Structure formats: C-alpha cells, structure tokens
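Each remark here refers to the structure printed beneath this line.
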Amino acid sequence: MRRRDFVHGLACIGGAPLPALAAMPRVLRAAEASVAVAGQSDLPVWAYEAQVPGPVLRYRRGDVLDLELRNRLPDPTTIHWHGIRLPNAMDGVPGLTQQPVAPGESFRYRFALPDAGTYWYHPHWGTPEQLERGLAGALIVEDEEPPAVDRDLVWLLDDWRLDAQGRIAENFYNFHDVAHAGRMGQQLTVNGQVEPVQALRAGERVRLRLVNAANARIFALTLEGLNAWLIARDGMPAATALPWEGELLLGPGMRADFIVDAGAPGRYPLKDADRRGERVLATLEVSGAPDARAARPAPGPAAHEPLPEPDLDAAHAHTLVLGGGAMNREGWPQESLAEREARRLRLQAGAREAAPAWTINGQAHLRHEREHAAHAAEFRVPRGRSVRLVFENRTAWWHPMHLHGHHFRVLSRNGTPLPERPWRDTVLLAPRDRVEVAFVADNPGWWLIHCHVLEHHAGGLGTLFEVQA
Ligand code: C2O
Ligand code: CU
Ligand code: CU
C-alpha cells in the first residue's frame, strides 16, 4: 500500500486551487516555556508562542490558513486542525497524512477554511502528553454575516493534574487512566486561568464559544440566571437556537457556541458538576444600569445548512463496536507475546505509550498517533458516497467519538431518532449507548475515527477509513 506517499504542495478543496503561495506564512512556534497557568506562577509547560492556551487564530470563512509550525520541543509533533474539512495532507496525523515534524524542523500548513465556526488546533503526536503539557488553541472562522453581538468570547476549558510540587504530573499513559476514564486533573481552568471573572455591561449580547480541550474530562455545564441559547455545536450552526436549560454535556474535543444576554447586574457562574459536586469554572459579572434591551428576542435560525445531505437509502452502512476497558472482559484486546515483548523494548528505550485496553470491532489500534502502516481501513468508500455509521458502546465507560475530515448528522440514540439530527464532528456515547450517524464521504484520503479521551485512543480506541478519490 502506498498511502504514505504524503501529498505536499498545493492543496485544494472543492476543486478550487489555492492562490499563489504568500511570501510569509504566519509562524507558530512550539517550545518549552514557563507561564502563569493553572494557578501556578511559573509552570513549566509546552506552549505555542509561549502562551497557554495558544493564540486564538481568527480568520474569515474562505480565507487561507497559511502557517508554519516550528518545532522547538524536545519531541516530534504535528498540528491537527480539529473539525476543519481540509485536504487530507493537512490533517496532521503522523504516519498517515504527514511525517512527524522532528525537533528543530518546520512544517507549513496551508488550506482554505470552508466553514465558519469554532474549531481548535492541537498536536496529534504523543497527544495525551503534548496536550496536557499545554499545546492547544482555538481556531475561529468568522461568518460573512455572523449573528449580531457586542462581544465574542472564546473559552478553552481544561483540567490539569498537578503533583505535590505543583508541577504537571508526568504519569502520562499510566494503565489506570488508559483503562478507566482517562487522565483527569484536579485543577480546572478557563483559558489557563482558575475561576476567571469576565466583566460585562448590562444589556450586552455576547457570543460565548466553549471548547473542551481536556484530555478526558466531560464537562457538565450550567449557567443560571442569564438568557442563553445554543447556536452551534462543533462549529456547525444549530438549525434553531435552543435555550440553555439544565446541564450541557461537553466531551473532550467538542465545542458549543452560545448567545448569552447580560441581563440584571450580578455575578453569574459557569459551573461544572461531577461526582464530587459542583465547581465554578468562570464567572460573568454584569454591571451597570439594567437596560431596556435586557430582554432581547431569541436569536434567529441558522442562515444556511453548510453541509451536503447524506442519502440514507443509498448509504454504505458500517458498525463500530467499542469494546474493552476496565470492569468489562468483553472485547478486551489480545496482545501476542511478540507484540508484548516489542512494547516492553520500546518502553525500555524511553517510549511513552499505553498498553492495549480498548478495541474497535475486536481490534486494538495501538501507537495510533505514530504509525498507521500496520492498520487496514475499517471501511472504504468512493468519494461522494453517503455513509451510515453505528457506534455501539459495549463498554462501561463514556466515549466522545471523533471523525476526521467530515462532520456527520447524529440520527438516533438507542433507537430514538433525534428530531434535529444535529451536525457534529464528535459524538458523546454513554456506557452501552448505540448511536447512529450519517455523512457524505466527500473528502478524499485516509481519515481517523477515534475516541477523544486521549488515553483511550492511545490504548487502542481508534481506527481509519478511506475515501477514494
Ligand atoms: Cu482533536 Cu484526532 O483529534
Ligand atoms: Cu492507526
Ligand atoms: Cu473513550
């Protein structure tokens, strides 16, 4: 198979060639740094442009992102542009779409941005470690006619596992995290800060873009006391604005955009809830004289449906059974003695990697973020074919399943059709859930499907599909 003939040079989408190479790409330097983050004054991190999170990259729809990644880390790296429908060669998956960028080297990412929305960027090499050390940032693509707001806030949510010295705990890939719920941290942050306060004027209308950049934490978010509507999920507009009521579950990798109206003066906390109770992530502090505009009408429906509609009758159907994980012997991966020995030698040589713990259709895809040579595609379809994909979670754990290069409609959950059939690039599965999605496979290349609990992916919970040109 010659699928690792990486395609460099001019990339195009929708048949339109990119404009001639600009002389100077934007530079994004990945390097070690010490920054004030996660409640520590000088935390040693890995950072883009010495900032945690990395700079917010903002473009207009249709713009060309032209950016040179300079790797000054002690480790190889790549950038994956999560949620962007981009040419395969720009997808940042080492061993599949490009060579890893070695320390000291650079790589130029260059592609058009076809959809407006909230996206993000992060490494796809040594991902559980590199994200946790601080490498992640938001990528915002503005619409030509965005909903009218007075302010646009981007909140990247994360959690940090700090050791007794207040440093990032280095027990990446440990078997307990991999086989259970992934790496959870005790310190919650918004844009790297603990419980930040955002001042608003009464009467302001705000667009609030939430990105879950945590390795494994599923945020259960509430914001009480202010009128708020969900207007987009994973970058894609919701058909109609939905009032935010109760808990919003946001799994790793997922995004949610809200319109929030600052009403009466006061403090309004954004809270996360887990088994140990509620915690404040950040606070909106509204001040000033209450304003006549305080009760504004709900935002209107989405201006357009950006993606082609899958043809459900003619679709290629495929089921992905998720197996393994602690508390469950079903689908636990088999490792041959030779594989185990090879892994032992790699670990001895200093490699950081997970032991197998998870399967898709009985297979554990290990070292997924480094080598894909050994993997066959789960399915392949000709370009333009519709695909119906069933995720069947036979494990005792939650999994946010992410598809590269495409968005899908979520058709049903446990046999119950979802009336809105929302567009997403990541869908959250509760234990034992069965979720059906559909999409038009219109982006040629080799693409990953994986759990965005990064430790689960490292432990085998990922696979590939091919869209033939
Ligand atoms: Cu956000 Cu394959 O990743
Ligand atoms: Cu693979
Ligand atoms: Cu998972």
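All of these numbers come straight from a predicted model, not from anything done at the bench. Below, all heavy atoms of this structure are taken into account, side chains as well, without hydrogens, waters or symmetry copies.
Around the CD atom of E144, the shell of radius 6.0 Å holds more than 12 heavy atoms that belong to other residues, nucleotides or ligands.
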Could you walk me through whether Q198 and Y268 pass the side chain to side chain donor-acceptor pair (under 3.5 Å) check? CA-CA 10 Å; Q198 171 69 48; Y268 303 93; over 6 Å; no
* For side chain to side chain contact (heavy atoms under 4.5 Å, CB included), just list the numbers for L403 and V427, CA-CA rounded to whole Å, side-chain angles, deciding distance to a tenth of an Å, and then say yes or no. => CA-CA 9 Å; L403 204 69; V427 66; over 6 Å; no
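Counting only distance, with no hydrogens or angles, the side chain of N191 and the backbone of Q193 share no donor-acceptor pair below 3.5 Å. Under the 3.5 Å distance criterion, the side-chain polar atoms of H122 are left unmatched by any main-chain donor or acceptor of G137. Of the possible polar contacts, none joining the D91 side chain to the V93 backbone as a donor-acceptor pair under 3.5 Å is found. In terms of modelled atom types and a separation under 3.5 Å, the side chain of R217 and the main chain of G185 share a donor-acceptor contact. Proximity of a side-chain donor or acceptor of T78 to a complementary backbone N or O of G92 within less than 3.5 Å is detected. Judged purely by atom type and a 3.5 angstrom limit, D150 has no side-chain atom pairing as donor or acceptor with the backbone of V206. Between the side chain of D272 and the backbone N or O of A220 there is at least one donor-acceptor pair closer than 3.5 Å.
Annotation: side-chain contact (heavy atoms from CB on, under 4.5 Å) contacts of R161 (sequence neighbours excluded): E132, A169, N171, N174, D177, R183, Q186. For R434, the side-chain contact (heavy atoms from CB on, under 4.5 Å) partners two or more places apart in sequence, or in a different chain, are V390, E392, N414. Scanning for side chain to side chain donor-acceptor pair (under 3.5 Å) contacts around N361 gives E378, with sequence neighbours left out. Partners of E195 under the salt bridge (charged side-chain N to carboxylate O under 4.0 Å, His left out) rule, at least two apart in sequence or in another chain, do not exist in this structure. Every residue two or more places apart in sequence or in another chain that forms a salt bridge (charged side-chain N to carboxylate O under 4.0 Å, His left out) with R133 is listed here: E129, E170. Residues that satisfy the side-chain contact (heavy atoms from CB on, under 4.5 Å) test with P400, not counting sequence neighbours, are P252, T426, L428, C451, H452, V453. Remark: T118 engages R209, D257 in a side chain to side chain donor-acceptor pair (under 3.5 Å) (not counting sequence neighbours). By the side-chain contact (heavy atoms from CB on, under 4.5 Å) test, P299 pairs with R205, W229, I231, A241, I259, sequence neighbours left out.
Salt bridge absent: R29 and E49 never bring a charged side-chain N and a carboxylate O closer than 4.0 Å. Salt bridge status for D66 with R108: present, with a side-chain N to carboxylate O gap under 4.0 Å.
Each side chain to side chain donor-acceptor pair (under 3.5 Å) pair with one or both residues in residues 240-251, not counting sequence neighbours, would appear here, but there are none. The stretch residues 440-468 participates, sequence neighbours left out, in these salt bridge (charged side-chain N to carboxylate O under 4.0 Å, His left out) pairs: R380-E466. Within the structure, salt bridge (charged side-chain N to carboxylate O under 4.0 Å, His left out) contacts touching residues 402-419 (residues at least two apart or in different chains) are E305-R409, E309-R409, R413-D433. Within the structure, every pair that satisfies the salt bridge (charged side-chain N to carboxylate O under 4.0 Å, His left out) test and touches residues 227-239, not counting sequence neighbours, is listed here: R233-E420, D234-R255, D234-R424.
Side-chain contact between P94 and W125 is present, with heavy atoms from C-beta onward closer than 4.5 Å. Side-chain contact between R421 and V410 is absent, with no heavy atoms from C-beta onward closer than 4.5 Å. Under the 4.5 Å side-chain criterion, counting only non-hydrogen atoms from C-beta, V64 is not in contact with L113.
Each of L223, L153, L248 was evaluated against F258; a single residue qualifies, L248, per the side chain to side chain contact (heavy atoms under 4.5 Å, CB included) test. The salt bridge (charged side-chain N to carboxylate O under 4.0 Å, His left out) test with E142 is passed by exactly one of R61, R58, R207, R60: R58. Screening H450, H406, H316 against F465 for a ring pair (Phe, Tyr, Trp, His ring centres under 6.0 Å) leaves a single residue, H406. Screening H180, H399, H457, H365 for a ring pair (Phe, Tyr, Trp, His ring centres under 6.0 Å) involving W358 leaves a single residue, H399.
Ring pair Y48/Y121 is tilted by interplanar angle, where 30° to 60° counts as tilted.
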